[in-house]
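Structure first, commentary second.
Numbered from 1 within each chain, the chains take letters A, B, ... in sequence-line order.
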Protein chains: 2
Amino acid sequence: MVSKKYIIRLCRYRNVLYRLKSMGFMRVVSNNLADATDVTALQVRKDFSLAGITGNKKGGYRVDELIEKLNQILGKNEIQKVILVGVGKIGIALMYYKGFEEEGIKIEAAFDIDPQKYGKQKDIPVLPLERLRDFVKTNNIKTGIITVPDMAAQQVFNLMISSGIKGVLNFAPIKLRSTPDIVINNVNLVMELENLIYFVNTGERNKGEIL
Amino acid sequence: MVSKKYIIRLCRYRNVLYRLKSMGFMRVVSNNLADATDVTALQVRKDFSLAGITGNKKGGYRVDELIEKLNQILGKNEIQKVILVGVGKIGIALMYYKGFEEEGIKIEAAFDIDPQKYGKQKDIPVLPLERLRDFVKTNNIKTGIITVPDMAAQQVFNLMISSGIKGVLNFAPIKLRSTPDIVINNVNLVMELENLIYFVNTGERNKGEIL
DNA sequence: GTATTTTTGTGAAAAAAATCACATATATAT
DNA sequence: ATATATATGTGATTTTTTTCACAAAAATAC
């Protein structure tokens with residue numbers, strides 16, 4: 001059983017590794033990864049050790065090997081298909097966000113209840129919410145993003161789950177009622193700021209990463 | 001010394017409490033808060049105990065009192081002033097995001113290097129980046145949001161810090177080089193999704209909240 | 001007014017996560 | 001070839017966080 005924190009660290013390592021690779025690096029030491037990811041070198045080595053990834057005493061790790069191993073664990077070979085519901089400002093920002101496709105994540109379609117929104121954003125079709133169920137089933141989508149107002153979030157969530165979606169990234173600042181087999185990640189922008197402001201105002205050192 | 005996780009939980013409690021209050025609730029039991037915030041009732045009570053907040057055996061806690069105590073700890077009396085740099089899609093989404101003002105957070109100004117962006121978004125002035133230092137000093141801003149492309153993030157961050165900003169909410173998926181007296185919260189949207197997809201694909205239960 | 005139920009409150013215990021200490025391998029220099 | 005410096009790797013330890021177990025208070029029922 002792995003913890004979320006652990007998986008996030010592995011994702012981070014991989015991201016950095018891809019960048020290193022594109023820069024021509026062949027090898028990397030735990031210290032490099034530590035510098036780039038906000039964890040200690042020891043933690044990096046421990047994580048790799050736990051993941052069954054083994055390096056080379058002196059000379060560190062081979063970048064290629066590392067990436068392959070991480071991909072094996074994190075499972076990132078094919079394009080990851082995602083849908084989005086709620087074509088407001090945040091939804092649109094996400095649809096145009098370049099970071100996703102760079103990492104092999106593709107928003108296949110977006111949904112809304114407002115007919116004015118129907119059409120396309122970038123190259124992503126915006127469809128009526130009624131078509132969600134069909135689309136998810138036909139395209140075997142497993143992951144959804146919720147960027148609707150608070151009041152609508154639970155309802156949209158229920159629709160997603162009943163259509164076959166297994167994981168949701170939720171931007172509405174409410175706790176979604178769900179079952180244990182569904183994975184939910186919440187992004188609460190207000191809370192991020194409030195928390196930041198707390199530490200700024202108190203002048204306290206903060207310990208521990210949010211992510 | 002308090003941990004970030006702890007503070008985030010307190011923020012969550014407070015948010016729920018405000019909503020309960022607006023619904024007319026006078027009292028609340030730890031179980032209610034647990035339901036609404038994704039923590040156990042025991043954790044709620046332990047947190048309150050640690051915070052020196054004391055309730056009433058049977059009958060739970062008084063909502064008003066709770067909010068006041070939490071405000072005392074989290075410090076939320078006056079409007080929190082914030083600036084934003086990077087008036088792209090995400091930046092604009094944040095500028096129009098209603099959740100902030102509801103919680104007393106006000107984006108006082110936004111900055112960009114692109115003259116086409118200058119003017120206003122909603123009621124927020126968009127100014128040239130060169131005016132950031134002055135603005136921050138004059139208005140005694142302590143908190144900033146970074147929504148610029150990766151390449152520019154570190155530079156913008158340095159400018160912010162040298163102008164007197166103490167806390168940064170960073171949307172660029174890079175690790176900002178900083179000193180321990182500066183607080184940084186990172187929001188990495190790709191990582192949120194990647195992580196979600198991992199748990200969806202492996203079918204593993206995830207344990208532990210990201211936030 | 002006594003018993004019963006509900007709910008808080010907290011020291012102790014358990015679990016989880018991070019760090020330490022040190023053994024071990026390997027490249028490089030001499 | 002030998003010594004030296006650099007990194008990994010992991011069992012043990014420490015620290016942090018969460019949960020348990022149960023005591024105590026207050027409301028309600030009888």
Salt bridge or not for B:Glu101 and B:Lys122, using N-O below 4.0 Å? yes
Please determine if A:Arg19 and A:Glu102 form a salt bridge, counting it only when a charged side-chain N lies under 4.0 Å from a carboxylate O. no
With side chains defined as the heavy atoms from C-beta onward, is the minimum distance between A:Asn15 and A:Leu17 less than 4.5 Å? no
Is a side-chain donor or acceptor of A:Ser49 paired with a backbone partner of A:Arg45 at a separation under 3.5 angstrom? no
Please state how far atom [atom1] in [X] lies from atom [atom2] in [N], giving the value in whole angstrom units.
{"X": "B:Asp38", "N": "D:dT18", "atom1": "CG", "atom2": "P", "value": "13 Å"}
{"X": "A:Gln43", "N": "D:dT15", "atom1": "CD", "atom2": "P", "value": "17 Å"}
{"X": "A:Arg9", "N": "C:dT19", "atom1": "CZ", "atom2": "C1'", "value": "12 Å"}
{"X": "B:Lys4", "N": "D:dT17", "atom1": "NZ", "atom2": "P", "value": "13 Å"}
{"X": "A:Tyr6", "N": "C:dA15", "atom1": "OH", "atom2": "P", "value": "22 Å"}
{"X": "B:Asn32", "N": "C:dT6", "atom1": "CG", "atom2": "P", "value": "15 Å"}
{"X": "B:Leu50", "N": "C:dG9", "atom1": "CG", "atom2": "P", "value": "12 Å"}
{"X": "B:Lys5", "N": "D:dT15", "atom1": "NZ", "atom2": "P", "value": "18 Å"}

Please confirm whether the shortest side-chain N or O distance from [X] to OP1 or OP2 of [N] is below 4.0 Å.
{"X": "A:Thr40", "N": "C:dT19", "answer": "yes"}
{"X": "B:Arg27", "N": "D:dA26", "answer": "no"}
{"X": "B:Ser3", "N": "D:dT17", "answer": "yes"}
{"X": "B:Lys46", "N": "D:dC20", "answer": "no"}

Taking it one step at a time, do B:Asn195 and A:Asn185 satisfy side chain to side chain donor-acceptor pair (under 3.5 Å)? CA-CA 9 Å; B:Asn195 181 255; A:Asn185 277 4; 3.3 Å; yes
Looking only at side-chain N and O atoms, does B:Asn140 offer a donor or acceptor that is under 3.5 Å from a partner on B:Lys142? yes
Residue among A:Tyr13, A:Phe25, A:Phe48 satisfying ring-ring contact (aromatic ring centres under 6.0 Å, His included) with A:Tyr61: A:Phe48
For nucleotides 6-9 of chain D, tabulate all protein N/O to nucleotide N/O atom pairs closer than 3.5 Å, reporting atom names and distance.
residue, atom, partner, partner atom, Å
D:dT6, O4', A:Lys58, NZ, 3.2
D:dA7, O4', A:Lys58, N, 3.3
D:dT8, OP1, A:Ser30, N, 2.8
D:dT8, OP2, A:Ser30, OG, 2.4
D:dT8, O2, A:Lys57, NZ, 2.9
D:dG9, OP1, A:Thr54, OG1, 2.6
D:dG9, OP1, A:Gly55, N, 2.7
D:dG9, OP1, A:Gly55, O, 3.4
D:dG9, OP2, A:Gly55, N, 3.4
D:dG9, OP2, A:Tyr61, OH, 2.9
D:dG9, O4', A:Lys57, NZ, 3.4
D:dG9, N7, A:Arg45, NE, 3.2

